[in-house]
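Data first, discussion second: the structure below is written as structure tokens.
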Amino acid sequence: MTRNLTYRKAMLNDIPSLVSLSYQKRQFYEKAQPQFWKHAGDCAEKAQTKWFEELLTCDEHIMLTAEQNNIAVGFIIGKLVAAPGVYNPGGLTLMIDDFCVANESDWPTVGARLIDEIKLIAKEKGAAQIVVVTGAHDEPKRDFLKNYNLSIASEWHVGGIE
């Protein structure tokens, strides 16, 4: 069910809503892995706002938002990158790190449409593959990505240095 959703390129006035969605995700992630995703305090959202504003001006980044009744219910940010010289995927890689939906039940609808839309844009810019980053504990997102026919290619293991 799409519930009158709209999907479009993100704009400057979307940034506060995208930062808020990202903050909610990071709170969830920090509980699962408190060292890696430790909140940076009062400056975190200001830094992310500035970062998102910069990404809007970068040609190699693609930022899309999903809205319902003028409220952001999801977003995706991808960066087009070349693979290291030892790999040849057949074109650029669409690297997606920031990818959020307001409710985990929205992955099959909002999440799928955001991926579909960003893939179309990335393909026009020469992308041949997509890489999506997610937390190991984020089962709803992981299940969605698996059902979307994406497979795990790499894992990161994190620990403190004592």
Taking all non-hydrogen atoms of both residues into account, name the closest pair between [X] and [Y] and its distance.
X	Y	result
Ile118	Gly78	CD1-N, 3.6 Å
Ala72	Thr65	CB-OG1, 4.1 Å
Leu94	Ala122	CD2-CB, 3.7 Å
Leu12	Glu53	CD1-CG, 3.6 Å
Gln35	Gly159	OE1-C, 3.9 Å
Ala128	Gly91	CB-N, 3.6 Å

Determine whether [X] and [Y] make a side-chain contact, defined as any pair of heavy atoms from C-beta on separated by less than 4.5 Å.
X	Y	result
Met95	Val133	yes
Thr93	Ile130	no
Leu64	Ile121	yes
His61	Ile77	yes

Checklist entry - Which pairs count as salt bridge (charged side-chain N to carboxylate O under 4.0 Å, His left out) when at least one residue sits in residues 77-100, sequence neighbours excluded? => result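 Residue pairs passing salt bridge (charged side-chain N to carboxylate O under 4.0 Å, His left out), neighbours aside: none found.
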Next on the checklist: Can you pull out every salt bridge (charged side-chain N to carboxylate O under 4.0 Å, His left out) where at least one residue sits in residues 4-23? Sequence neighbours excluded, please.
Outcome noted: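 Sorted result for residues 4-23: Arg8-Asp14, Arg8-Glu67.
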[atom1]/[X] to [atom2]/[Y] distance, rounded to the nearest 0.5 angstrom?
X	Y	atom1	atom2	answer
Leu114	Met63	CG	CE	11.5 Å
Tyr7	Glu117	OH	CD	8.5 Å
Leu55	Glu60	CG	CD	8.5 Å
Lys123	Lys119	NZ	NZ	9.0 Å
Leu145	Thr134	CG	OG1	6.0 Å
Asn70	Ser17	CG	OG	10.0 Å

Hydrophobic cluster membership, [X] vs [Y], 4.5 Å side-chain cutoff:
X	Y	answer
Leu21	Leu56	yes
Val19	Ile76	no
Val158	Trp37	yes
Leu80	Val132	yes
Leu92	Ile115	yes

Checklist entry - Crowded around Asp59 CG? As in, over 12 foreign heavy atoms under 6.0 Å? => result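 No.
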Item to check | Partner set under ring-ring contact (aromatic ring centres under 6.0 Å, His included) for Trp51, not counting sequence neighbours | outcome: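 By the ring-ring contact (aromatic ring centres under 6.0 Å, His included) rule, Trp51 matches no residue at all.
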Checklist entry - Just checking, is any N or O donor in the side chain of Tyr29 or Gln33 under 3.5 Å from an acceptor N or O on the other one? => result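 Result is no, nothing qualifies.
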Item to check | Inter- and intrachain pairs under side-chain hydrogen bond (donor to acceptor under 3.5 Å, both in side chains), touching residues 140-162, at least two apart | outcome: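 Every pair satisfying side-chain hydrogen bond (donor to acceptor under 3.5 Å, both in side chains) with a residue in residues 140-162: Asp116-Tyr148.
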Item to check | Pairwise ring pair (Phe, Tyr, Trp, His ring centres under 6.0 Å) hits with a residue in residues 107-136, at least two apart | outcome: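 Listed by first then second residue: Phe99-Trp107, Trp107-Phe144.
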Item to check | Set of side chain to side chain donor-acceptor pair (under 3.5 Å) partners for Gln48, sequence neighbours left out | outcome: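 Partners of Gln48 by the side chain to side chain donor-acceptor pair (under 3.5 Å) criterion, ordered by chain and then number, come out as Ser22, Arg26.
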